[in-house]
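Just the heavy atoms: all of them, side chains too, but no hydrogens, waters or symmetry mates, feed the values below. The model shown is predicted, which means the values in this text are computed figures rather than measured ones.
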Amino acid sequence: MGAAPRPGRRPGATGACAPRPGPGRRRRRANPDEDLELKRIYLLGRYQGNGAGKRLLAQAVEFARAAGAVRLLLGVYAGNEAALGFYLKQGFAQVAERTFRVGGKAYDDHVLALRLGT
């Protein structure tokens, strides 16, 4: 079990919004009327591996359902095999690829989607 967070510090965070329309290199594009995109989900390393990530993601899924979303989307850096494995185990599937730039360098991102049942 990980250490308890220090007072005033959170071990993780999430942020969600309607997806921005944009080209995906394959499969279905995001639909702002049906999809909610999880823009950020972070968990400090010392809190990983004890179920905290699953609980944080479950809160995001419940938020998306309550907002009436059909799918929850998120982007994962293609080189982050641990994160990709985690999301696939949670029921996400790859639906597109996109490229993002940081400091003039291009990186590949996998767009994953979780279909939200009612």
Side-chain angles (χ1 to χ4, degrees):
M1 186 105 157
R6 286 182 259 158
R9 304 220 36 203
R10 295 183 303 178
T14 62
C17 68
R20 288 187 318 212
R25 288 201 304 237
R26 45 187 206 102
R27 300 192 191 139
R28 183 177 166 208
R29 295 181 184 173
N31 180 342
D33 295 326
E34 294 182 354
D35 298 333
L36 191 70
E37 184 175 3
L38 182 57
K39 295 298 281 184
R40 290 174 188 81
I41 182 167
Y42 297 103
L43 190 62
L44 295 175
R46 65 179 172 263
Y47 300 105
Q48 295 175 3
N50 66 3
K54 287 181 186 177
R55 292 189 300 274
L56 194 60
L57 181 59
Q59 289 178 353
V61 168
E62 287 310 310
F63 176 85
R65 280 191 179 116
V70 174
R71 294 188 309 171
L72 180 61
L73 306 177
L74 57 85
V76 179
Y77 169 57
N80 190 343
E81 292 181 16
L84 288 167
F86 171 78
Y87 292 119
L88 293 175
K89 284 182 183 177
Q90 304 311 308
F92 283 82
Q94 185 176 341
V95 295
E97 296 173 348
R98 64 184 173 197
T99 301
F100 65 98
R101 300 187 76 73
V102 176
K105 186 172 180 185
Y107 296 90
D108 290 326
D109 218 11
H110 293 306
V111 179
L112 307 181
L114 178 68
R115 198 157 251 325
L116 304 171
T118 54

Is there a side-chain contact between [X] and [Y] (heavy atoms, below 4.5 Å)?
X      : Y     : value
Leu56  : Gln59 : yes
Asp109 : Glu97 : no
Leu57  : Phe92 : yes
Leu112 : Leu84 : yes
Leu36  : Phe63 : yes

task = Could you tell me whether a side-chain N or O of Asp108 sits under 3.5 Å from a main-chain N or O of Thr99, the two making a donor and an acceptor?
result =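 No; judged by distance alone, with no hydrogens or angles, the pair does not exist.
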
query = Hey, does the side chain of Gln90 reach the backbone of Lys54 with a donor-acceptor pair shorter than 3.5 angstrom?
reply =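 Checked: no pair found.
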
Least distance between heavy atoms, [X] atom then [Y] atom:
X      : Y      : result
Ala69  : Leu116 : O-CD1, 3.5 Å
Arg101 : Ala106 : NH1-CB, 3.3 Å
Leu38  : Ala60  : CD1-CB, 4.1 Å
Ala113 : Val95  : CB-CG1, 3.7 Å

[atom1]/[X] to [atom2]/[Y] distance, rounded to the nearest 0.5 angstrom?
X     : Y     : atom1 : atom2 : result
Leu74 : Arg40 : CG    : CZ    : 13.0 Å
Leu88 : Glu81 : CG    : CD    : 11.5 Å
Arg71 : Asp35 : CZ    : CG    : 4.0 Å

query = Can you say whether the rings of Tyr107 and Phe100 are parallel (under 30°), tilted (30 to 60°) or perpendicular (over 60°)?
reply =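 The arrangement is parallel - the two ring planes meet at less than 30°.
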
